[in-house]
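Because only heavy atoms are used, hydrogens play no part in the values below, and waters and symmetry mates are left out as well, while side chains stay in. Nothing fancy with the numbering, it's 1 onward along the sequence.
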Amino acid sequence: MKYSAQGKHLLVDFFGVAADKLRHRKQLMAVLCDALQKEGFNILTKTASHQFKGGGQGVTGFVLLCESHAAFHSYPEKGYIALDIYTCGHHQPVKIAKILEEYLRPSYVKRVMQKRGFTDGSKR
């Protein structure tokens with residue numbers, strides 16, 4: 001059997017982000033979902049998010065896509081947010097990260113793109 005499943009998995013660390021931007025669950029989800037829709041991703045559900053209890057706590061958000069998923073977890077006390085986008089097909093997760101970068105205005109960004117699956121038809 002030959003496998004042809006392949007995808008792009010982008011992991012982004014945003015450092016030096018203003019804490020107030022990292023505390024707002026609804027705004028973070030809106031920015032992420034708007035970016036996904038703008039770039040042609042198909043959102044299945046965008047209701048999975050959680051604001052941690054206690055003043056100034058972070059947010060976790062998850063968007064289920066036809067193409068896979070997008071997720072984030074924020075740490076306002078550290079000025080940090082982690083973004084995870086996995087997609088198959090022609091979609092470009094880097095474009096989503098750029099839109100979030102424009103909104104968050106971090107002082108430093110670290111990106112890692114990982115190809116997933118088998119791209120040459122092998123079973124390795």
Side-chain angles (χ1 to χ4, degrees):
M1 175 186 286
K2 288 190 176 189
Y3 295 94
S4 62
Q6 55 186 339
K8 295 175 282 286
H9 200 161
L10 178 64
L11 304 175
V12 185
D13 295 320
F14 296 106
F15 298 94
V17 178
D20 61 316
K21 288 189 175 182
L22 300 178
R23 290 185 181 109
H24 296 287
R25 179 182 59 82
K26 288 182 182 179
Q27 184 63 25
L28 286 169
M29 287 297 288
V31 171
L32 177 59
C33 290
D34 289 349
L36 290 163
Q37 289 174 327
K38 177 182 176 189
E39 293 303 324
F41 285 77
N42 298 292
I43 296 175
L44 295 175
T45 183
K46 55 185 170 183
T47 58
S49 64
H50 178 76
Q51 177 82 52
F52 289 92
K53 295 186 185 219
Q57 296 300 312
V59 178
T60 291
F62 184 84
V63 180
L64 183 61
L65 305 168
C66 287
E67 299 82 8
S68 194
H69 73 268
F72 65 85
H73 191 81
S74 73
Y75 298 83
E77 71 279 9
K78 298 187 184 293
Y80 169 76
I81 185 169
L83 176 65
D84 168 4
I85 304 170
Y86 179 61
T87 182
C88 56
H90 68 280
H91 291 86
Q92 299 300 319
V94 171
K95 291 181 179 182
I96 305 308
K98 294 260 187 208
I99 293 169
L100 265 74
E101 183 176 348
E102 288 175 17
Y103 169 71
L104 295 169
R105 299 180 149 309
S107 59
Y108 176 71
V109 179
K110 179 178 148 188
R111 290 182 194 85
V112 175
M113 179 71 80
Q114 179 68 47
K115 289 186 179 180
R116 305 293 302 267
F118 302 98
T119 58
D120 62 358
S122 70
K123 294 185 196 179
R124 294 184 261 144

Q. Charged N to carboxylate O under 4.0 angstrom, Glu77 versus Arg23?
A. no
Q) If two hydrophobic side chains count as joined below 4.5 Å and joins carry through other members, does Met113 share a cluster with Phe41? A) yes
Q. Checking side-chain contact (heavy atoms from CB on, under 4.5 Å) against Leu83, which of Leu11, Asp13, Val12 comes through?
A. Val12
**Q.** Reported CG-to-CZ distance for the pair Leu22 and Phe72, which is rounded to 0.5 angstrom
**A.** 9.5 Å
(Q) Are Leu104 and Val109 linked, directly or through intermediate hydrophobic residues, by side-chain heavy-atom contacts shorter than 4.5 Å (ILVMFWY only)? (A) yes
Q. Looking at CG of Leu28 and OG of Ser74, how far apart are the two atoms once the value is rounded to the nearest 0.5 Å?
A. 6.0 Å
Q) In Å, rounded to the nearest 0.5 Å, how long is the span from SG of Cys66 to NE2 of His91? A) 9.0 Å
Q.
With clusters defined by side-chain heavy atoms of hydrophobic residues (ILVMFWY) lying less than 4.5 Å apart, directly or transitively, does Ile85 cluster with Phe15?
A. no
Q.
Would you say His9 and Asp84 are linked by a side-chain donor-acceptor pair, where the criterion is simply a distance under 3.5 Å?
A. yes
Q. Heavy-atom distance under 4.5 Å between the side chains of Tyr80 and Val17, does that happen here?
A. no
Q: Determine whether Ile43 and Leu64 make a side-chain contact, defined as any pair of heavy atoms from C-beta on separated by less than 4.5 Å.
A: no
(Q) Testing the basics here: between Gly16 and Ser107, what is the closest heavy-atom pair and its distance to 0.1 Å? (A) CA-OG, 3.4 Å
Q. Would a line drawn from the ring center of His73 to the ring center of Phe52 be shorter than 6.0 Å?
A. yes
Q.
Quick one, Val63 and Leu36 - any side-chain contact, counting heavy atoms below 4.5 Å?
A. yes
Q) So, for Glu67 and Gly40, which heavy atoms are closest and what is the spacing to 0.1 Å? A) OE2-O, 4.2 Å
Q: Kindly indicate whether a cation-pi arrangement holds for Lys21 with Tyr103, taking the cut-offs as under 6.0 Å to the six-membered ring centre and within 45° of the axis.
A: yes
Q: Using a 4.5 Å cut-off on heavy atoms from C-beta on, say whether the side chain of Lys38 contacts that of Asp34.
A: no
Q | Gap separating the SG atom of Cys88 from the CG atom of Leu65, nearest 0.5 angstrom | A | 9.5 Å
Q) Does the side chain to side chain contact (heavy atoms under 4.5 Å, CB included) test come out yes or no for Leu100 and Leu32, once each step is laid out? A) CA-CA 7 Å; Leu100 265 74; Leu32 177 59; 4.1 Å; yes
Q. Quick one: does His24's side chain get under 4.5 Å of Met29's, heavy atoms only?
A. no
(Q) Please find the pair of heavy atoms, one from Gln57 and one from Lys53, that lie closest to each other, and give the distance. (A) CG-O, 2.9 Å
Q) Taking atom CD of Gln92 and atom CG of Leu10, what is their separation to the nearest 0.5 Å? A) 10.0 Å
(Q) Show the nearest heavy-atom pair for residues Gly58 and Pro76, with the distance to one decimal. (A) CA-CD, 3.4 Å
Q. Can you tell me how far NE2 of His90 sits from NZ of Lys8, rounded to the nearest 0.5 angstrom?
A. 8.5 Å
Q) Between Pro106 and Phe14, which heavy-atom pair has the shortest distance, and what is it? A) CG-CD2, 3.6 Å
Q. Taking atom types as modelled, is there a side-chain donor on Thr60 or His50 under 3.5 Å from an acceptor on the other?
A. no
Q: Compare all side-chain heavy atoms of Ile96 with those of Glu39 and state whether any distance is below 4.5 angstrom.
A: yes
